[in-house]
Structure formats: structure tokens, C-alpha cells
Protein chains: 2
Amino acid sequence: MHRCSIVSDRKPTIIDVARAAGASIKTVSRVMNNERYVSAETRERVQRVMAELQFQPNKSAQSLKGDKSYLIAHVYGDPGGPYTGQIQMGLLTRFRDQGYHLLIEEIDYRGDDVEDRVSKLVNQLNLDAVVLTAPVTDNDTVISVIERANIPYVRVTPQHERDGGSSVRIDERAAANDLTMHLLAFGHRRIGFIKGPEHHAGTRLRYSGYCDALREYGLEPDPEIIEQGGFTYRSALPCTRRLLSLAEPPTAIVASNDEMAAAVLSVAHDRGLSLPGDLSVVGFDDIELAEMVWPPLTTVKQPIQELADAAAEILVNILTRRKQPGEPAPQAHRVLPHHVVIRRSTAPPARR
Amino acid sequence: MHRCSIVSDRKPTIIDVARAAGASIKTVSRVMNNERYVSAETRERVQRVMAELQFQPNKSAQSLKGDKSYLIAHVYGDPGGPYTGQIQMGLLTRFRDQGYHLLIEEIDYRGDDVEDRVSKLVNQLNLDAVVLTAPVTDNDTVISVIERANIPYVRVTPQHERDGGSSVRIDERAAANDLTMHLLAFGHRRIGFIKGPEHHAGTRLRYSGYCDALREYGLEPDPEIIEQGGFTYRSALPCTRRLLSLAEPPTAIVASNDEMAAAVLSVAHDRGLSLPGDLSVVGFDDIELAEMVWPPLTTVKQPIQELADAAAEILVNILTRRKQPGEPAPQAHRVLPHHVVIRRSTAPPARR
DNA sequence: CTGAAAGCGCTTACAG
DNA sequence: CTGAAAGCGCTTACAG
């Protein structure tokens, strides 16, 4: 018996394991990393000792010499939308099993220290990969730092396609089109629209989808009933007030996201309108809020869970098979199916 | 001129800086860490070279030999509540300036791998500190792993006080009391209550505050109008339906959080009740949703930003002055002021 | 299939 | 105030 003391006050290292197992540290390293060329017998013996000693490899040491830090960052912006948390949950679940940990970094795209912050994150920590969500999916400063460091990255619901990196998204334009068509099919012809903020993924595509749908019915977008919002509840309050104060107010309003749709409902309630008879309202994203307001919102479901899964899967694929240096990181671009969720906030327009 | 090439394809190391500055690596290290005993002249010269070379210290190397990983983890649970994101924002902002990065780990307290997961996080990454939020603030398994590793930690809004670690919170019991008093002062005498889930911080204290308030008015809590919810919107739907179907329904309902209060509103709307005349509703937390539903909720504001700030400040204090080993980590327990936000979901009961 | 040596980029003692 | 040496716990070549 040459393993003297199983219990010790300091954390066991690879050397302790090697000694206790009667093997070299290189062999222990091989077992840890599931490499080939270890006899089944040796592997088993080492694994048993690792378990007994409760050995846990030091990530810093692995990172210093090796090329992996086992750290992946989620870079997002505020307002990143209420699904930031759900995206993170999805990523965590997937990365966990592979031994990766998730770091988070919030980036204000207006800030002048964006480059510095991302650079520190990427370079000091030797990140293995990065996930980008709105509104930094299309931030050139952030992306160029990541590309310079030659780290694989995935953009979740980006606005524009790009040569580098990977992406996962739904067809936002088609989704906004479907949503508007739903209102047109109900007989609405005067349909207001509240846009999202510039620079934010989705803003442009959702607006385009709305315009396309109108044109399919031979209508032209009317600037009088198109408002500029900011994706927040508050931003849509004055927009709605203006729309409902028009001589000829819209009979339906498409808000570019659910939070703004909630604001439309509040203003309508406040004016004593009967919903959805006097005003139909639709949102976008299907966040939890969509079901919690009254009437619950007709909206497009953003398949957050699936998007996060797809993003994680793409990265895990890349990370677990990078063997040849010089080989360009493989890319993937996935477009997931979307669907309109019809609830009680939409109905045919009431007769006047 | 002994700095040959400023530009290089590989990242500059401390050795490159030392060479270019004509100093030893130890001196560069001193400058990096803002240690004393460096002449102003040398310090400045080194700093200039660091900037020119865009030198960024490798955290893995710092962590391997030193005792700091510059990594702090936020351990939370799902449902961690919609303010998980806000807490993280607050922590990020504060830690950033100190050079710390934030890792996140979601823990399902029902899972049997909790210990393993937290242990891996803490031990493999050599975490510098941990922040715990609901519902893991009172999880003994998690806390004992952290304490064994001798890492400072802060619990945000814990349910029970503890000997070890630090905590920040509001007086939830007093807050629930205030909220209920507000209804009592309006003249309500039959006030329903929807509890949060067991094991979740806040559940017990909020209920106690409600009971206390009733007793101050000489009333006893009536089990018939006390429901068991789960802090989710959906969980409160059936609770509300039962309460409103009673022969003598409550004239007001206290929901243990805002999401459940939103569910109360929806059921009431669905039954055609006039709000707040037929039913007053209060929530707890003042999450964004509270202002987005109709009528907007009277609730208690959870000062998330301040709580996150306080938590971060406590940790930064501990981390930046740990000099003497053996000295126990200093602790802090802070109770922040709370206040009731009165909106339009509460009013005196209508005459029957 | 297995192992001894060197080294990743820093920090910690320890000397001057 | 400054620096040369050793070492943190692993992995990467390189030999057997």
C-alpha cells in the first residue's frame, strides 16, 4: 500500500494522483483528457485514484500551457431583452456537460471602452469561444477583436449576415410578415407600427416584414401611423398616445416587441378602449410578459431554448474537434422555424 | 533603441515588457499590481511600454502561482426571478473596474449533482468569491462547499441569517407588513394571500409580515383564503380562481411576488371584475412587469441595484485587503431600506 | 502503450 | 528601490 494519506488539507494535484496510482503524470494527464494509448487496466486504476482523492484538475494550469481555458463568454448588451437570462440558461446546460464555464460581459455599444473591455476579456482569460446576443450581434468593434484573437463565435439572431463566425436565428422578416398578415386577414387596413431602436438586430427586419405584408394587400406604409420606439415599455407609451390621438387612429398596432405591445395595451386601457374590439395589438418575441398582460398578446415566438441549444452545439462541435492548427474554424448558419402565437389581443376590427 | 519590434503576432508577455523597458520582470510585476517600492521614473517607463505593447497580463498565469483568479461566480437558481439579470448587471459594473470577471452557474436545488457542480466551479477555477441569490441563498450543500474552500461569499436576500459569510437584504417581513397595512388602512378586512414556494427565500418572511399586520388589526389569518403558489405566473392562476369562487371572496389579495399578482389581475379581468374597485391586488419586488400590467401594481420595491452594489462592495473590500493569512474573512450584514410603491391596483373596497 | 524533461507566464519568497 | 531563482500544476513535444 503506497498511498499513504487519502485525506489532506491541500487540494490533490496530478502529482499526488500519479504517485498514488503508480504512474507518471503524463499518464494521468492522458486519462484526464480521455486520450488514447492508455491500457484499460491503467486507465481504470488511475480513474479510481482520482475519484478517491477527489482530484479536480486546475483549470489555470491547463490553460497556461494548453490552448484551452474552458471558459466561454456571453457578450450581450442592455437592454439585451428579457430573454438574456433564458439564453444563458440554455448555454449553461449545454456547456456544463463538456466542462466549460460561462462568463458574462455586458457591453454598452455606445461606450468608448468597448474595444478595451472585450479585448481584456478575450486576451487575458484566453477564452475558448464567445456567444453574442442583441444588441451586440452586429457590433463591428466587438467582432473584430474576437476575430483578431481567432476565437470561434456564434451570433444569436443577428441583423446582418457576415463572412466570419457562425449564427443562429429565425427569419424575423418572414415572422413580422406573418404577424401583419394575421391582422390583414382579420380585415384590418389601418395598421400602426412601432419600430425598435436603430442599431438593434431585428428592428430593420421586423419593419420590412410589416411593409411587405401591407404591399401584398396593395397598401403602402403610412408614415403617419409609424412610430419610433426603443424596445422598452416606456418608449412606446408616447408613441401609442400619438397614434390613438389621430383623427383617424389605427384599428390595430404592431409593436416590434412584447414590452412595447404591453405599453400599447396600457394606454388603450387608460383611454377606456375595449380590447381587442377597439384595438388589436401584436407583439414580438413571446417573452413571459406576453401571457401575463391583459388581454394576452398575439405574438411571434422567439424559440430561445432552441436558439441557445443550437448556438451551444455549434461551439461545442468546433471546440471538440479543433486539431489541425491553421485550419479555419468551421462555420454554421442556422435558421430555425418560427410561428405566430395567437392569443386574445387580436380580433376583427369593430364596426364604427 | 532597444525595443526592436512593437508589432508582433504573438501576445506580449511580461518578459517582452521587461526587456523593452530595461527592467526585470519582477519590477514589471510590481507596476502591474500597483505595489509600492518602484521609483516613479521606473513606474512611468514601464507603464509606457505596457501601453505601447498593449500588454495584458495572462490571468491563468497570475492565478496559477498567485492566489487570485480574478474570477467571481454568481450562483443562482431557476426560477431565480426576473431580477437575476439586474443583479448580474450590478455586479458586473462594480467588478469590472477592479479587474474581476463574472462567471455564472445555475443550480437546481433539487438536483443530486449540486455538490459536484459547485465543487468543480470553486475548486477547478480557484474562484476568488461567490455571490448567491435566490433560491440558493439558503442551500446548505452549496454553502458548505464554499466554506470548505474558504472563499468569501455574499448572500443576497437570504431567508435565514448565518454565522459565516456576508449578506445583503431588505426587511422582507416588515415590507410585507407595510403592504398589508396599506390594504387594511383602505378598509379591507378580508385579504387573501398567495404564498411562495417552500425553500425559497422570502416565502416565510413575507407570509409572516402579512400575518403580523392582520393581527395588529385584531384579525386572524384565515386558512380559507391562503393559497400555496410557486412564484410563477401560472402557479397563481388556479389559486386565484379558487379564491374568487368562494362564497365570500376576498376584497383584496396579497401575492407574494409580482408575477403571481399579474396572474391575479388576469383571472379578475377574465371574470369581468372591475379593478381595483372589485378587487385590490398587491405584489412584491417591483419588477418591470409591475408597471406593465393593468392596472399597474402596488408593490414593494426590491432595491436590486442597491443590493447588487452592496454585495459587490462587500466582496471587493474583502478581496482587496486580504493580507494576513489565517485572518478570518471579514463579514458584513447589511439591511437596506425598502418602500411600498403605490400604484393603481389598490383602492378602498367597493360597497356591496 | 508509457514516461522524463522542458516550459507556459506569471508570483512568491529571498537577496541585495 | 531592484532583481535572480524557484515554482505554481498542468501540457507539449520528444524518446523509448
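Residue numbering restarts at 1 for every chain, and letters A, B, ... go by the order of the sequence lines.
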Please give, in whole Å, the distance from [N] [atom2] to [X] [atom1]?
| X | N | atom1 | atom2 | result |
| --- | --- | --- | --- | --- |
| B:Leu125 | D:dG9 | CG | P | 15 Å |
| A:Gln62 | C:dC10 | CD | C1' | 18 Å |
| B:Lys26 | D:dA4 | NZ | P | 13 Å |
| B:Met50 | C:dC10 | CE | P | 11 Å |
| B:Lys68 | C:dT12 | NZ | P | 10 Å |
| B:Leu64 | D:dA6 | CG | P | 18 Å |
| B:Lys11 | C:dC10 | NZ | P | 10 Å |
| B:Asn58 | D:dC8 | CG | C1' | 13 Å |

For [N] and [X] - does any side-chain N or O of the residue sit under 4.0 Å from the phosphate oxygens OP1/OP2?
| X | N | result |
| --- | --- | --- |
| A:Ser24 | C:dT2 | no |
| A:Ser29 | D:dT11 | yes |
| A:Ser60 | D:dC10 | no |
| A:Thr27 | C:dG3 | yes |

Would you say [X]'s side chain and [Y]'s backbone share a donor-acceptor pair under 3.5 angstrom?
| X | Y | result |
| --- | --- | --- |
| A:Asp16 | A:Thr13 | yes |
| A:Asp128 | A:Ile72 | no |
| B:Ser166 | B:Ala332 | yes |
| B:Ser144 | B:Thr141 | yes |
| A:Gln331 | A:Asp163 | yes |
| A:Asn139 | A:Val142 | yes |
| B:Arg96 | A:Glu106 | yes |

ask   = Taking C-beta and beyond as the side chain, do B:Leu71 and A:Leu125 meet within less than 4.5 Å on heavy atoms?
value = yes
Kindly point out which of [options] is positioned nearest to the side chain of [X]?
| X | options | result |
| --- | --- | --- |
| B:Pro57 | C:dC10, D:dC8, D:dC10 | C:dC10 |
| A:Arg30 | C:dC10, C:dG3, D:dG9 | C:dG3 |
| B:Ile14 | C:dT11, C:dG3, D:dG3 | C:dT11 |

Its dot-bracket string being built from Watson-Crick and G-U pairs below 3.5 Å, with | for another strand and [ ] for crossing, DNA chain C has the pattern |||.||||||||.|||
By nearest-nucleotide position on DNA chain D, the 5'-leaning member of B:Lys65 and B:Ile25 is B:Ile25
CG of A:Asn58 to OG of B:Ser60, rounded to nearest 0.5 Å, is 9.0 Å
The reported gap from NE2 in B:His101 to CD in B:Gln98 (rounded to nearest 0.5 angstrom) is 12.0 Å
Mind checking B:Thr42 for me? I need base, sugar-phosphate or nothing, with any heavy atom below 4.0 Å counting as a touch.
sugar-phosphate
Ordered by number, residues from residues 32-41 of chain A within less than 4.0 Å of DNA chain C (heavy atoms) are A:Tyr37, A:Val38, A:Ser39
